[in-house]
Amino acid sequence: MRSLRLGLPLAALFTGVALLFTAPTAHAADTPLRDLAAAQGKVIGTAVTGSKLTGTYGDLAGGQFSSLTPGNAMKWGTVEPTQGTFNWTEADQIVAFAQAHDQQVRGHTLVWHSQNPGWLTNGTWTSAQLGSLLQNHISTEVGRYKGEIAAWDVVNEPFNEDGSYRSTIWYNGLGSDYIANALTWAHAADPAAKLYINDYNVEGVNAKSTALYNLVKSLKAAGVPIDGVGLQAHLILGQVPATLQQNIQRFADLGVDVAITELDVRMALPSDSTKLAQQKADFKSVVAACVAVSRCVNVTVWGFTDSDSWVDSTFPGYGAATPYDANYAPKPAYHGIAEALGGTTTTPPTGACTAAYAVSSQWNTGFTGQVTISCSGASLTSWKVNWTYGAGQQITQAWNATCTQSGASVSCANASYNGTVADGSSVTFGFNASWTGSNPVPTVTLG
Ligand code: G2I
């Protein structure tokens with residue numbers, strides 16, 4: 001049995017080496033996410049509800065995030081419930097809060113099939129009438145906030161899952177030109193705002209994201225003002241698409257920015273420590289994918305607390321989808337975001353035995369890694385170490401442990417001869433794995 005402690009000089013030799021799980025740090029001392037993001041040249045945002053922006057909710061929204069997206073306040077049904085009668089109260093409140101906290105605002109959303117006012121959806125309109133209603137709506141709303149909105153989700157959710165255009169009041173009445181026209185009208189009303197098309201289930205490379213890709217490409221070729229794509233990222237626990245970073249990169253390569261606009265990771269309730277650890281890994285890998293691509297400019301969570309999430313009411317039995325619990329305590333997911341942004345927060349160790357993952361050598365297609373399990377003030381008679389790869393890495397061989405990999409999830413259990421880790425000692429196992437694109441260090445948990 002090889003038992004090797006990873007000393008700092010060795011660690012310093014290799015990029016990507018992380019020693020995790022040292023002493024737990026006080027949460028209160030953690031660097032705010034917005035400062036970590038700024039150090040990476042990124043913006044970190046959250047969707048908010050205007051009426052809640054006081055007390056702890058307000059402190060966290062203002063202190064941790066550098067961008068706010070009104071969850072509902074800027075939707076057509078909210079701002080013009082009766083034709084010609086406008087209600088900007090909540091939208092104004094959120095914009096003012098953002099300005100007071102030196103935050104960007106992502107405007108959400110101008111053209112959508114949902115949350116439209118009844119007078120609009122129940123009306124009978126000619127194509128010309130519909131076009132001028134849409135143009136007026138865009139000009140009015142974008143014009144009102146001219147110079148105050150960093151980015152607009154101009155068009156929301158235009159595609160079906162198979163990549164065909166969604167049948168909506170806009171597509172049915174105006175044809176696919178509504179998209180180019182909406183962008184053009186928005187640009188006229190605020191030339192400085194970045195203009196996005198935003199959709200869900202477009203995080204990985206698939207038929208829907210490819211349709212979005214082709215649309216953006218053709219809009220760019222036609223000179224239509226399109227600045228970015230929003231990948232909503234309403235994800236299910238353990239199901240971060242393996243092609244997320246690749247997909248972000250292909251949009252970036254078209255010459256547009258990318259934002260993760262509505263990130264959440266839902267789980268079957270009740271939550272437990274295993275699910276929360278997986279959720280941490282999921283948040284971390286999404287944020288890491290954005291950090292890895294320079295044109296990925298913003299990661300926004302769709303509500304930062306489990307008390308302010310759309311998930312529970314929409315998916316009965318699912319929830320706990322955000323980085324803070326309902327009492328505003330940061331969950332492991334919060335630390336996953338922080339770590340992906342280069343923060344050094346730690347997860348409380350399991351007992352007093354800890355696991356540290358390190359890449360000890362790396363070449364163009366593969367790498368050798370090792371994990372050291374150390375005990376201090378405690379001991380083990382068997383062990384299992386789990387992690388989730390964020391960038392498609394695949395274990396090919398392991399020694400001094402039995403490792404299995406299913407999708408991105410890796411689980412390594414002790415060999416027959418090294419399950420015992422005495423107080424004050426350590427056990428190391430090693431593995432070879434393949435990688436392409438990037439090789440981020442995963443968070444490991446000791447079970
Ligand atoms: O559905 C999740 C998101 C998907 N992408 C576009 C986003 O705009 C969308 O956000 C959600 C809001 O978070 C929910 O809060 O959009 C929902 C509507 O599709 C919002 O739900 C609505 C409820 O359906 C209404 O009953 C409620 O009055 O929120 C309204 C305000 O609380």
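For ligands, and for the atoms within them, numbers begin at 1 and follow the listed sequence.
- The number of heavy-atom neighbours closer than 6.0 Å to NZ of K194, taken from other residues, nucleotides and ligands shown, is 12 or below.
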Every pair of nitrogen or oxygen atoms between ligand 1 and the protein that is under 3.5 angstrom apart - can you list them with their distances to 0.1 Å?
residue: ligand 1; atom: 5 (N); partner: E157; partner atom: OE2; Å: 2.9
residue: ligand 1; atom: 5 (N); partner: Q232; partner atom: OE1; Å: 3.0
residue: ligand 1; atom: 5 (N); partner: Q232; partner atom: NE2; Å: 3.4
residue: ligand 1; atom: 5 (N); partner: E262; partner atom: OE1; Å: 2.6
residue: ligand 1; atom: 5 (N); partner: E262; partner atom: OE2; Å: 3.4
residue: ligand 1; atom: 8 (O); partner: K75; partner atom: NZ; Å: 2.6
residue: ligand 1; atom: 8 (O); partner: H108; partner atom: NE2; Å: 2.6
residue: ligand 1; atom: 10 (O); partner: K75; partner atom: NZ; Å: 3.4
residue: ligand 1; atom: 10 (O); partner: W302; partner atom: NE1; Å: 3.2
residue: ligand 1; atom: 13 (O); partner: W302; partner atom: NE1; Å: 2.9
residue: ligand 1; atom: 15 (O); partner: N72; partner atom: ND2; Å: 2.9
residue: ligand 1; atom: 16 (O); partner: K75; partner atom: NZ; Å: 3.1
residue: ligand 1; atom: 16 (O); partner: Q115; partner atom: OE1; Å: 3.4

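- Among residues at least two apart or in separate chains, salt bridge (charged side-chain N to carboxylate O under 4.0 Å, His left out) pairs with a member in residues 48-66 are K52-D308.
- Atom OH of Y165 has more than 12 neighbouring heavy atoms from other residues, nucleotides or ligands inside a 6.0 Å radius.
- Qualifying salt bridge (Lys or Arg N to Asp or Glu O under 4.0 Å) partners for D92, counting only residues two or more places apart in sequence or in other chains: R144.
- R250 pairs by the salt bridge (Lys or Arg N to Asp or Glu O under 4.0 Å) definition with nothing, not counting sequence neighbours.
- Without hydrogens or angle criteria, S139 side chain to Q135 main chain gives a donor-acceptor distance under 3.5 Å.
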